[in-house]
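Worksheet for the structure shown next.
The structure displayed is predicted, hence computed values, not measured ones.
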Amino acid sequence: MGIEGFVCWTARSVDDPAELRRVVEAQLPSHEDAVGETERAGLLEGTTLRPRGLAAAHRFAEGGGLPMPGAADAVADFSAILDELRSAERRRERFVADTIPEGFERTEPTANQYDRTYHTVNVTRSYPSGVSVELNYRSRDPSHPGSSRPRESSAILWLRGDVRQTHEYRASWTED
């Protein structure tokens with residue numbers, strides 16, 4: 001992910017797609033289509049980072065000791081939660097609130113209505129830079145009394161506030 005991470009990290013400070021290609025090709029002459037590969041991987045759209053691209057940029061910056069101007073702590077927390085959501089989705093399991101970084105306000109209400117169980121994780125954290133990260137997650141039993149259907153998970157994760165661009169990640173999956 002080094003080259004894609006570099007492209008994403010660079011895209012944060014370049015507004016023009018042609019300029020981004022020129023800069024990346026000058027820095028990585030042996031990888032002339034690095035921007036195209038990053039776009040095809042779903043990390044970048046033009047010069048706009050998608051949530052996975054933001055996480056890749058942060059990992060690249062962190063691994064190289066490079067500055068991640070702006071909301072570095074918010075980006076790190078967003079990336080950590082995003083990784084855990086994707087992991088739960090791949091495993092087709094319930095997201096666990098224990099994986100949320102420190103400093104978030106947590107609420108975990110559980111309600112039983114009409115023989116259905118809802119497990120929610122709603123957390124948010126505001127940062128001094130004016131950025132916030134918010135997660136709304138729900139795991140529910142969609143079956144009606146007398147029937148049995150698998151549990152369903154859905155999540156929305158936001159990075160918003162004083163950032164160049166807000167990021168939103170939505171996912172839903174059936175739990176095993």
Side-chain angles (χ1 to χ4, degrees), residues 1-93 95-96 99-104 121-138 153-173:
M1 174 85 46
I3 292 171
E4 291 172 340
F6 172 75
V7 172
C8 291
W9 182 79
T10 305
R12 292 171 13 288
S13 58
V14 178
D15 291 328
D16 178 50
E19 179 67 12
L20 176 61
R21 286 184 189 284
R22 189 190 67 69
V23 168
V24 170
E25 288 172 5
Q27 295 293 319
L28 304 170
S30 63
H31 298 279
E32 64 183 51
D33 194 31
V35 173
E37 291 171 15
T38 304
E39 287 175 325
R40 285 188 292 280
L43 304 175
L44 187 66
E45 190 172 313
T47 59
T48 303
L49 291 174
R50 303 191 69 193
R52 287 181 47 227
L54 182 64
H58 180 74
R59 283 192 302 273
F60 177 81
E62 190 176 74
L66 299 169
M68 188 78 171
D73 290 339
V75 169
D77 289 345
F78 178 87
S79 299
I81 294 172
L82 181 62
D83 289 344
E84 291 299 326
L85 278 174
R86 287 194 174 127
S87 179
E89 185 178 3
R90 274 191 309 278
R91 293 187 319 264
R92 301 176 65 83
E93 295 177 351
F95 176 79
V96 180
T99 61
I100 295 173
E102 293 295 320
F104 279 78
V121 178
N122 298 309
V123 295
T124 187
R125 182 173 179 190
S126 296
Y127 300 83
S129 62
V131 175
S132 66
V133 174
E134 181 180 346
L135 169 66
N136 291 334
Y137 168 81
R138 178 175 77 169
S153 282
S154 61
I156 305 172
L157 177 63
W158 290 280
L159 173 67
R160 47 186 167 194
D162 190 17
V163 290
R164 182 173 159 206
Q165 177 188 345
T166 61
H167 294 277
E168 179 180 302
Y169 176 77
R170 293 177 181 262
S172 60
W173 62 94

Taking the side chain from Arg160 and the backbone from Glu134, do they hold a donor-acceptor pair closer than 3.5 Å?
-> no
Ion pair Glu19/Arg22, N-O distance below 4.0 Å = yes
Would you say the side chain of Leu82 lies within less than 4.5 Å of the side chain of Leu54, judging by non-hydrogen atoms?
-> no
Would you name the heavy atoms of Ala56 and Cys8 that are closest together and state the gap between them?
-> CB-SG, 4.4 Å
Take atom CD in Glu168; do more than 12 heavy atoms of anything else shown fall under 6.0 Å from it?
-> yes
Given side chains that start at C-beta, do those of Arg59 and Asp83 come closer than 4.5 Å, heavy atoms only?
-> yes
In terms of the angle between their ring planes, are Phe78 and His167 parallel, tilted or perpendicular, with boundaries placed at 30° and 60°?
-> tilted
Can you name the side chain to side chain donor-acceptor pair (under 3.5 Å) partners of Asp16, sequence neighbours left out?
-> none
Nearest 0.5 Å, what's the CG-CG distance between Leu135 and Leu159?
-> 13.0 Å
Nearest non-hydrogen partners of Ala80 and Pro101, listed with the distance = CB-CG, 4.2 Å
Could you tell me whether the side chain of Glu39 and the main chain of Gly46 form a donor-acceptor pair under 3.5 Å?
-> yes
Qualifying residues under side chain to side chain donor-acceptor pair (under 3.5 Å), relative to Trp173, sequence neighbours excluded = none
Closest heavy-atom pair, Ser172 versus Glu89, reported as atoms and distance to 0.1 Å, is O-OE2, 4.2 Å
Quick check: does any side chain N or O of Arg12 sit under 3.5 Å from a backbone N or O of Trp9, one acting as donor and the other as acceptor?
-> yes
Inspect the surroundings of CZ in Arg125 and state if more than 12 heavy atoms from other residues, nucleotides or ligands are less than 6.0 Å away.
-> yes
Would Leu20 and Leu44 count as a side-chain contact (heavy atoms from CB on, under 4.5 Å) if you check the C-alpha gap in whole Å, the side-chain angles of each, and the deciding distance to 0.1 Å?
-> CA-CA 11 Å; Leu20 176 61; Leu44 187 66; 3.8 Å; yes
Between Thr166 and Gly161 the two heavy atoms that sit nearest each other are CG2-N, 4.2 Å
Taking all atoms of both residues into account, what is the closest heavy-atom pair of Thr124 and Phe104, and its distance?
-> C-CD2, 3.5 Å
Which distance, rounded to the nearest 0.5 Å, do you find between the CG of Asp77 and the OG of Ser132?
-> 11.5 Å
What's the shortest heavy-atom distance between Glu93 and Ser153, and which atoms?
-> O-OG, 4.2 Å
Just by distance, do the side chain of Thr38 and the backbone of Ala34 share a donor-acceptor pair under 3.5 Å?
-> yes
Do Val133 and Tyr127 touch side chain to side chain, with heavy atoms closer than 4.5 Å?
-> yes
Does the pair Glu37 and His31 meet the rule for a side-chain contact (heavy atoms from CB on, under 4.5 Å), with working shown?
-> CA-CA 10 Å; Glu37 291 171 15; His31 298 279; 5.6 Å; no
To the nearest 0.5 Å, atom CG of Leu28 lies from atom CG of Asp33 at 12.0 Å
Working for side-chain contact (heavy atoms from CB on, under 4.5 Å), residues Tyr137 and Leu157 = CA-CA 8 Å; Tyr137 168 81; Leu157 177 63; over 6 Å; no
Apply side-chain contact (heavy atoms from CB on, under 4.5 Å) to Ile81 and Tyr169, showing your working.
-> CA-CA 10 Å; Ile81 294 172; Tyr169 176 77; over 6 Å; no
Kindly write out the residues that satisfy salt bridge (charged side-chain N to carboxylate O under 4.0 Å, His left out) with Arg92, not counting sequence neighbours, or none if the list is empty.
-> Asp176
